[in-house]
Protein chains: 2
Amino acid sequence: MTAHRDQLDALGVAADHRQANGAGRTVPDATVARLALYLRALTSLADAGTATVSSESLASAAGVNSAKLRKDLSYLGSYGVRGVGYDVELLTEQIRSTLGLNQNRAVALIGLGHLGQALAGYAGFASRGFRIAALVDNDAALVGTFVRGLAVQHSDELENLVRAEDISIAVIAVPASVAQEVCDRLVAAGVTSILNFAPAVLNVPPHVDVRKVDLAAELQILSFHDNRKAVQADIEADAALAHSNGAGLSARAGQAGTA
Amino acid sequence: MTAHRDQLDALGVAADHRQANGAGRTVPDATVARLALYLRALTSLADAGTATVSSESLASAAGVNSAKLRKDLSYLGSYGVRGVGYDVELLTEQIRSTLGLNQNRAVALIGLGHLGQALAGYAGFASRGFRIAALVDNDAALVGTFVRGLAVQHSDELENLVRAEDISIAVIAVPASVAQEVCDRLVAAGVTSILNFAPAVLNVPPHVDVRKVDLAAELQILSFHDNRKAVQADIEADAALAHSNGAGLSARAGQAGTA
DNA sequence: ACGCTCTTGTGAAGGCATTCACAAAATCGA
DNA sequence: TCGATTTTGTGAATGCCTTCACAAGAGCGT
């Protein structure tokens with residue numbers, strides 16, 4: 001439970017990423033994942049005209065607790081003022097800089113089915129320092145059409161585009177059956193970071209990062225918790241029943257062990 | 001780096017979910033998140049006609065190491081055979097049961113923009129025990145159209161649909177500006193698990209679970225690591241330079257500290 | 001029946017991340 | 001100037017997850 005405090009993706013595979021920042025420190029992975037949240041909250045605050053924010057209110061806007069927020073920010077350096085809070089603009093800039101968002105990175109998007117189209121149109125990308133520089137699909141009906149002002153190119157052009165636009169980040173939104181092949185070509189062309197929406201495990205060389213978004217997995221995780229609630233409710237109902245009954249195991253309470 | 005071993009979403013907010021399974025144990029959240037991966041790998045194996053699999057090969061198919069896989073499976077009980085491996089079908093059934101996927105849960109999908117349409121058509125949902133039972137949008141142009149054989153309903157019907165279909169899981173794919181309102185209505189109608197694609201923090205009562213998929217955040221995390229690689233490369237280049245030079249700080253190496 | 005080989009299941013150790021709790025710093029009012 | 005108040009930054013403690021490493025169990029050939 002614990003409501004919105006509850007996000008935990010934790011596919012939990014250890015990682016050894018660490019970045020030295022200006023102060024020579026290191027930023028934990030869990031912190032990096034949250035910096036993006038803080039950035040979004042800060043952007044809202046800035047839009048609302050707020051100049052200064054305390055760890056308490058920024059934390060609640062981002063849905064985390066304030067101790068964690070302060071610890072996270074401390075990895076970037078000391079950009080708050082005791083007794084006052086954080087300067088919204090300064091902190092925004094620090095986070096953007098830490099995340100490397102000040103370079104307007106070029107991104108390639110491979111696959112323009114519904115998901116690809118949704119991603120191409122996602123305002124959050126453009127507004128946060130990412131420029132979609134290449135749209136690629138192998139469907140002849142799509143090639144040459146324009147999506148958000150950019151022409152879709154045939155997948156034969158993939159390598160040329162990656163090199164011409166100096167693209168290091170790619171988003172894969174193709175069917176699972178061709179994901180590995182697309183991935184291999186991207187890597188060969190020089191891409192070093194991949195966001196994968198295809199339900200497939202990608203094998204890449206050690207210098208390449210892959211992040212995966214698995215839509216079905218997300219639902220399954222929810223399902224587990226939802227199921228747990230149902231079972232729990234049953235157990236409680238049984239306990240109440242047992243009180244007047246003596247028996248205490250309903251048919252449904254055993255469902256978690258069904259084969 | 002560490003290639004495909006590298007998935008770690010870890011927005012890392014503590015959670016206190018625990019489920020008692022048949023054996024009365026408890027399943028860690030990190031394990032639950034990976035069960036979905038194992039399930040996918042097992043499905044491929046079954047399709048390929050494999051009857052038995054070792055922890056080593058299942059682990060590599062899922063992109064994790066075998067010790068972790070075995071530990072994860074041990075939370076479900078003892079379904080392997082020493083010296084032999086795991087029976088693919090039995091293990092699949094155990095995982096499905098643990099995740100509560102044997103009940104063909106009804107899911108509501110709110111918002112049928114490109115992302116919503118992509119989700120509606122996502123084969124992974126149907127094939128893994130989820131039945132999309134309601135499509136809702138407030139755009140008059142969409143209401144009444146059919147998406148994958150199901151009619152889109154007007155958002156006024158949201159509460160009725162949730163109750164009629166006994167829906168406990170909903171997917172929010174609407175703009176951030178209306179996400180909280182949609183969320184409130186879903187919760188009031190009885191939904192207890194929400195998968196949120198809108199870039200907004202949702203406030204919900206304690207008995208409701210929210211999982212969030214933040215597309216921009218994913219790219220930003222990649223950006224961080226990509227940036228780190230660039231900085232690292234610069235540092236190494238500097239070191240090499242310093243060797244013959246004595247100076248050793250290129251203009252670009254300082255970028256992480258830019259304001 | 002027995003020893004060899006293979007692979008699981010799991011205590012124990014180690015590593016990260018979160019949370020706690022408080023000293024240090026900054027502002028404000030008197 | 002000084003004390004009260006606020007809020008940051010951070011050591012220390014706690015807890016969760018991963019990894020290690022090996023004993024226990026299962027099959028197989030002889």
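In what follows, chains are A, B, ... by sequence order, proteins preceding strands, each numbered from 1.
A distance-only check finds a donor-acceptor pair linking the side chain of B:Arg96 to the backbone of B:Leu101 [under 3.5 Å]. Not a single donor-acceptor pair under 3.5 Å links the side chain of B:Lys229 to the backbone N or O of B:Phe224. In this structure, B:Ser223 contributes its side chain and A:Leu99 its backbone to a donor-acceptor pair below 3.5 Å.
The distance between atom CD of A:Glu56 and atom P of C:dA21, rounded to the nearest whole Å, is 15 Å. Atom CG in A:Asn65 sits roughly 13 Å away from atom C1' in C:dA21 (whole-Å rounding). In this structure, A:Leu69 places its CG atom 12 Å from C1' of D:dT7, rounding to the nearest Å. A straight line from CG of B:Asp29 to C1' of D:dC17 spans 11 Å, rounded to a whole angstrom. Protein atom CZ of B:Arg70 is 15 Å distant from nucleotide atom P of D:dA23, rounded to whole Å. Following rounding to the nearest Å, A:Arg34 (CZ) and C:dC16 (P) show an atom-to-atom distance of 16 Å. Atom-to-atom, CG of B:Leu73 to C1' of C:dT7 comes out at 13 Å; the value is rounded to the nearest Å. The nearest whole Å value for the distance from the OH atom in B:Tyr79 to the P atom in D:dG25 is 19 Å.
In terms of heavy atoms, B:Ala179 sits closest to B:Ile172 at O-CD1, 4.2 Å. For the pair B:Pro28 and B:Thr26, the tightest heavy-atom approach, listed with the atom from each and the gap, is CD-O, 3.7 Å. Counting all heavy atoms, side chain and backbone alike, A:Val171 lies closest to A:Leu119 at CG1-CD1, 3.9 Å.
In the set C:dT8, C:dT18, C:dA17, C:dT18 carries the atom at the smallest distance from any side-chain atom of A:Lys68. Which of C:dA17, C:dT10, D:dG9 sits closest to the side chain of B:Lys71 comes down to C:dT10. When distances run from any side-chain atom of B:Ala67 to the nucleotides D:dC20, D:dT8, C:dT18, the shortest one goes to D:dC20. In this structure, of C:dA17, C:dG9, D:dT8, it is C:dG9 that holds the atom nearest to the side chain of B:Ser78.
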Name each donor-acceptor pair under 3.5 Å that joins a side chain in residues 41-53 of chain B to protein atoms two or more places apart or in another chain, with its distance.
| unit_1 | atom_1 | unit_2 | atom_2 | d |
| --- | --- | --- | --- | --- |
| B:Thr43 | OG1 | B:Leu39 | O | 2.8 |
| B:Ser44 | OG | B:Arg40 | O | 3.4 |
| B:Thr50 | OG1 | B:Leu45 | O | 3.4 |

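The ring-ring contact (aromatic ring centres under 6.0 Å, His included) test applied to B:Phe125 returns B:Tyr122, not counting sequence neighbours.
Within the 4.0 Å cut-off from OP1 or OP2 of D:dT8, at least one side-chain nitrogen or oxygen of A:Ser55 is found. Put simply, B:Tyr75 has no side-chain N or O that comes within less than 4.0 Å of OP1 or OP2 on D:dC16. Using a 4.0 Å cut-off, some side-chain N or O of A:Tyr86 falls inside it from OP1 or OP2 of D:dG9.
In the helix from C:dA1-D:dT30 to C:dA30-D:dT1, the rotation axis of the first five pairs and that of the last five pairs differ in direction by 0°, rounded to 10 degrees.
The salt bridge (Lys or Arg N to Asp or Glu O under 4.0 Å) analysis of residues 74-89 of chain B, with sequence neighbours excluded, yields no pairs. Among residues at least two apart or in separate chains, there is no salt bridge (Lys or Arg N to Asp or Glu O under 4.0 Å) pair with a member in residues 50-59 of chain A.
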Check nucleotides 26-29 of chain D for protein N or O atoms closer than 3.5 Å to its own N or O atoms and list the pairs.
| unit_1 | atom_1 | unit_2 | atom_2 | d |
| --- | --- | --- | --- | --- |
| D:dA26 | O4' | B:Arg82 | O | 3.1 |

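Residue whose closest nucleotide on DNA chain C sits further toward the 5' end, between B:Val53 and A:Asp72: B:Val53.
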